[in-house]
Amino acid sequence: MAKTTPELYTFDWLARSQPELYARVQAAQDQALDLSLRVNTLKSDAQPAMEKWAELYGWQSQGVPYCPSGFWIGQPEITPSSTIEHRLGYYYIQEAASMLPPELFNFSDLPHPLILDMAASPGGKTIHLADRSGDKGFIVANDASRGRLSALRIVLQTWGVINQAVTCLPGEQIGALAPGRFDAVLLDAPCSMQGLRASESHKARSITLTEVEALAERQTRLLESALRAVKVGGQVVYSTCTLTPQEDEGVLAALLKQFPGCFHIVDIQQRLPQPAPGLTQFMDKNFPAEVAHAARLWPHIFGTAGFFAAKLVKDNSLPDPPAEPYLRAGKTPQVKVPLPVETQGITNYLSDLYGFDLGAQMQAQSLKIVEVNGQLSLLGERLDAACADLPWQSSGMALGKALPEGWQPSHEFVSRFGDCFTSGVLTLEDKYLPAWLRGEDIRGYATDASLRGSVVALRDTHGRNLGRAKLLDGRLKNLLPTRLF
Ligand SMILES: C[S@@+](CC[C@H](N)C(=O)[O-])C[C@H]1O[C@@H](n2cnc3c(N)ncnc32)[C@H](O)[C@@H]1O
């Protein structure tokens, strides 16, 4: 039977309309991308941290122009995925184009922004947003796919983000559920991924026009929802990892037409090393001139994957949506009311053992200590304001647990704050490092008797955080989580 749907191969539209440009894009797509990473600025200052790793691992680093914490490191012998810093969330390996969307938000007048990441998993951009807001705002990290939530939780946990909650809702509904609530919304939309190079995890495949149109329709409804969820005056960033115009400029054009006067597109060309305007013409279609304010990262110009990003500012409320949203039944964990006595006891304990002032940290980040399913956790005070009516799945960061022999801080807590500890810290001799990084206990380890029985923060001779260790008689018990090996 003859096919009724025309095949639309990757960049086929470009091959037909601009063959020279198409040839340049294809040539770029055939070359391997340099590896890039983004430094966790909740844990270290980007530039000095990068310099230290460049020296330690022989990496040649080059800054990503629009992202101060992002660096290209070429194709190095020591791969960035193999280091202890990677396992402890000191950096995230991320394609440089993906570093653009979170950088487009302006939080300079918003010390505590309430942020929605509408399609968040696995969380590469969520953790970037946490850095951008110093983990002092609050992020609702949503993804409609339940199966992708654990990846998101692990990324948040490894990075050490506290002011966050994970929800599992169709993004299309959030605008009606929480209208005008957020200062900033990121929609890194599900798309046809026709901007990525083929790889082991992403096989090249052709897409049909029907698929593109269905995706564009979903993206338009998601972006409408993002515009509803943001406050008047608030910022929305829309991004895709595809260069298919229907999913990029086409989505912006559809919403400009449907909601005139409700938002405008901010010109972001000056954020890039050279202008990369959105298309105003595609095949036989004209898009409004304003869509040229968006950025279209062509692989042959920027040395990145193909990518699209636009920044929108909401000027007026959108007219009411046609129907009430239904809410998918979500399982909400039982969060107990914080026990005031615990907070003081814990902050005193941490101060005595590690010289770390958790009380000051809690004040700076507006945190409280609660018991969640028998574990003590640090939770953002703004959780209720952000998620009162959004069924959240998990929130905050594990703080630790009380054991008969003393109080044991969590791995996440030590990997986020361990560099600030001034006592209760042990330096591991170099000869033991390989065994430690394999997750082994170190036997015959002699040390200061005053620390015996305690959980200490371990560092290597370069001062790198090696997580927690428990000092037992003649043995250093390895408390690195087994998932890291
Ligand atoms: C491009 S990925 C997001 C990548 C992520 N922002 C990052 O940087 O790590 C798109 C995500 O959208 C989710 N998704 C698909 N349809 C959705 C919907 N209707 N509402 C919310 N999320 C959706 C997918 O499960 C997928 O995780």
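As the structure lists them, so they are numbered: ligands from 1, and atoms in each ligand from 1.
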- Heavy atom of Met193, distance to ligand 1 below 4.0 Å: no
- Taking atom types as modelled, is there a side-chain donor on Glu247 or Ser192 under 3.5 Å from an acceptor on the other? yes
- Message: Can you name the atoms of ligand 1, numbered from 1 with element, that are less than 4.0 Å from a heavy atom of Met118?
- Response: 21 (C), 22 (N)
- Item | Shortest protein heavy-atom distance from atom 8 (O) of ligand 1, along with the residue and atom involved | Lys125 NZ, 2.9 Å
- What do you reckon, does Asp117 have a nitrogen or oxygen under 3.5 Å from a nitrogen or oxygen of ligand 1? no
- Within the structure, does Arg148 bring an N/O atom to less than 3.5 angstrom of an N/O atom in ligand 1? yes
- In ligand 1, which numbered atoms sit nearer than 4.0 Å to a non-hydrogen atom of Ala144? 17 (C), 18 (C), 20 (N), 21 (C), 22 (N), 23 (C)
- Heavy-atom check, side chain of Trp298 versus side chain of Val25, under 4.5 Å: yes
- Task: Using only heavy-atom distances, determine whether the side chains of Asp419 and Tyr90 contain a donor-acceptor pair under 3.5 Å.
- Result: yes
- Note on the structure: Under 4.0 Å from one or more heavy atoms of Glu172, ligand 1 contributes atoms 18 (C), 19 (N), 20 (N)
- Atoms of ligand 1 less than 4.0 Å from Gly124 heavy atoms? 7 (C), 8 (O), 9 (O)
- Show which atoms of ligand 1 fall inside a sub-4.0 Å distance from at least one heavy-atom site of Arg218. 15 (C), 16 (N)
- Query: ligand 1 and Pro190, any nitrogen or oxygen pair closer than 3.5 angstrom?
  - Reply: no
- Option whose closest heavy atom lies nearest to atom 1 (C) of ligand 1, chosen from Ala119, Gly171, Ser98, Ala189: Ala189
- Item | Heteroatom distance test (Asp143, ligand 1): nitrogen or oxygen, under 3.5 angstrom | yes
- Task: Determine yes or no for a side-chain-to-main-chain donor-acceptor pair under 3.5 angstrom, with Ser61 supplying the side chain and Phe71 the backbone.
- Result: no
- Query: Judging by distance only, is a nitrogen or oxygen of Gln94 under 3.5 angstrom from one on ligand 1?
  - Reply: no
- Message: Any non-hydrogen side-chain atom of Met50 less than 4.5 Å from a side-chain atom of Leu37?
- Response: yes
- Query: When you measure from atom 3 (C) of ligand 1 to each heavy atom in Pro101, Ala120, Pro102, Ser121, which option holds the nearest one?
  - Reply: Ser121
- Could you tell me whether Asp188 and ligand 1 have an N or O pair separated by under 3.5 Å? yes
- Query: Between Glu412 and Arg483, is the closest basic N to carboxylate O distance under 4.0 Å?
  - Reply: yes
- side-chain hydrogen bond (donor to acceptor under 3.5 Å, both in side chains) between Gln219 and Thr240, intermediate numbers included: CA-CA 10 Å; Gln219 289 150 348; Thr240 70; over 6 Å; no
- With the side chain counted from C-beta on, respond yes when Leu243 and Pro299 share a heavy-atom pair under 4.5 Å apart, and no when they do not. yes
- Task: State whether a side-chain donor-acceptor pair under 3.5 Å links Gln235 with Asn106.
- Result: no
- Item | For Ser145, the ligand 1 atoms whose distance to one of its heavy atoms is below 4.0 Å | 25 (O)
- Message: Quick check against the 3.5 Å criterion: does Arg132 have a side-chain atom that pairs as donor or acceptor with the backbone of Phe105?
- Response: yes
